[in-house]
Amino acid sequence: MPSLLFPVLPGAGRRRALSRLLTVEDLPPGWRRDGQRTWRTGRTGQASPWRERARQNGSVTAWRSFRGGKRWLWAQAVPLATRDDAVAALRTVGECLLANPAAAVEVVGERDVDLPLFGDASAVWAREQQVRSVATGHNTVTLLLAGAVGSDVLVLSLSGEPAWDWDDATDLASRQAARLTATAG
């Protein structure tokens, strides 16, 4: 059911936005798509010039999640008006991430991680979170990785077991960056 905050958009804009995301074919065997949605960029969050320009452009953000065994991945592509807007948005990505209402975990620790640029990214942001299952008390790690690629921001979240590593994360981010570059403009 569509949410009022993030409505499912009809038509070509939605299809184009979703076509820019990773697909099951980009992942190792055994993965399946778990969900996807789109929403108009710039309609939520604290007011900023980059959000306003994205809103005025009619930009559509796309998000898709995947599941492979006990591992999860979601990818998001946020189209913005300019390269400078993408870099500005990247600076705030840690405060703008969507919480997963279905995840029964609590963040017990986190740290930002310095990573080299990947793919066509001009800037990157990475964070490692230690999370605890509310049900079992078991601790796991979630990796969050984002990059400014042209006038887009890509965001990946990788969680589950066996734990992901930063090589896996940057490989997938490079694949997502290539999809954005191939479909730019």
Side-chain angles (χ1 to χ4, degrees), residues 2-3 5-29 31-45 48 50-68 71-94 96-100 115 117-127 142-159 164 168-185:
S3 131
L5 185 58
F6 301 110
V8 174
L9 300 173
R14 179 177 193 270
R15 283 190 298 275
R16 182 182 188 292
L18 289 169
S19 75
R20 304 180 77 220
L21 291 174
L22 291 171
T23 68
V24 170
E25 289 75 26
D26 296 312
L27 303 173
W31 283 82
R32 66 177 172 81
R33 189 179 82 201
D34 212 24
Q36 63 184 21
R37 67 178 94 160
T38 59
W39 60 89
R40 297 210 187 274
T41 308
R43 302 258 175 174
T44 62
S48 68
W50 62 263
R51 278 189 177 93
E52 180 60 23
R53 284 187 288 275
R55 189 186 63 73
Q56 288 174 352
N57 282 351
S59 296
V60 177
T61 295
W63 174 92
R64 180 174 288 143
S65 65
F66 303 92
R67 183 178 196 154
R71 288 176 122 187
W72 293 269
L73 159 68
W74 61 252
Q76 181 175 331
V78 184
L80 299 166
T82 67
R83 291 174 182 268
D84 288 342
D85 283 354
V87 171
L90 186 65
R91 289 187 205 114
T92 67
V93 76
C96 300
L97 294 171
L98 293 175
N100 179 352
L115 291 179
L117 298 176
F118 55 79
D120 291 332
S122 60
V124 297
W125 171 90
R127 180 171 290 163
T142 297
L143 303 182
L144 303 164
L145 180 55
V149 178
S151 61
D152 293 289
V153 172
L154 72 82
V155 185
L156 298 179
S157 174
L158 305 95
S159 61
W164 296 87
D168 292 333
T170 55
D171 176 61
L172 287 168
S174 293
R175 291 182 204 188
Q176 178 59 71
R179 289 186 75 89
L180 293 176
T181 301
T183 59

- Item | Which atom of Arg40 lies closest to which atom of Gly58, heavy atoms considered | NH1-O, 4.2 Å
- Hey, mind stepping through Arg33 and Leu21 against side chain to side chain contact (heavy atoms under 4.5 Å, CB included) and telling me if it holds? CA-CA 12 Å; Arg33 189 179 82 201; Leu21 291 174; over 6 Å; no
- Item | Inter-residue atom distance Asp26.CG - Phe66.CZ, 0.5 Å rounding | 7.5 Å
- Query: Does a side-chain heavy-atom distance below 4.5 Å link Leu154 with Leu156?
  - Reply: yes
- Message: To the nearest 0.5 Å, what is the distance between CZ on Arg67 and OG on Ser159?
- Response: 9.5 Å
- Which distance, rounded to the nearest 0.5 Å, do you find between the CH2 of Trp31 and the CG of Leu73? 5.5 Å
- Qualifying residue, where the test is side-chain contact (heavy atoms from CB on, under 4.5 Å) with Leu80 and the options are Thr41, Asp152, Asn57: Thr41
- Note on the structure: Residues Ala75 and Gln176: closest non-hydrogen pair is CB-OE1, 3.8 Å
- pair Arg179-Arg20: side-chain heavy atoms closer than 4.5 Å: no
- Query: Quick one: are Leu144 and Val155 in side-chain contact, heavy atoms under 4.5 Å?
  - Reply: no
- Query: Is the shortest side-chain N to carboxylate O distance from Arg53 to Asp84 below 4.0 Å?
  - Reply: no
- Is the backbone N or O of Trp74 less than 3.5 Å from a side-chain atom of Ser65, with the two atoms forming a donor-acceptor pair by type? no
- Query: Quick one: does Trp63's side chain have a donor or acceptor within less than 3.5 Å of a partner on Gln76's backbone?
  - Reply: no
- Task: State the CG-CD distance between Asp85 and Glu52, to the nearest 0.5 angstrom.
- Result: 11.0 Å
- Item | Gap between atom CG of Leu145 and atom CG of Leu158 - 0.5 Å precision | 7.5 Å
- Task: Could you tell me whether a side-chain N or O of Ser19 sits under 3.5 Å from a main-chain N or O of Arg16, the two making a donor and an acceptor?
- Result: yes
- Message: For a 4.5 angstrom cut-off between non-hydrogen side-chain atoms, does Thr61 reach Pro79?
- Response: yes
- Message: Minimum heavy-atom separation for Gly150 and Ala86, please, with both atom names.
- Response: O-CB, 3.5 Å
- Note on the structure: When every non-hydrogen atom of Ala88 is compared with those of Trp50, the smallest separation belongs to CB-CD1, 3.9 Å
- Looking only at heavy atoms, which two atoms of Leu90 and Gly147 are closest? And how far apart? CD1-N, 3.8 Å
- Does any non-hydrogen side-chain atom of Leu172 lie less than 4.5 Å from one of Leu27? yes
- Query: Is the closest side-chain donor-acceptor distance between Asp171 and Ser174 under 3.5 Å?
  - Reply: no
- Message: Checking the side chain of Arg64 only, and the main-chain atoms of Leu18 only, is there a donor and an acceptor separated by less than 3.5 Å?
- Response: yes
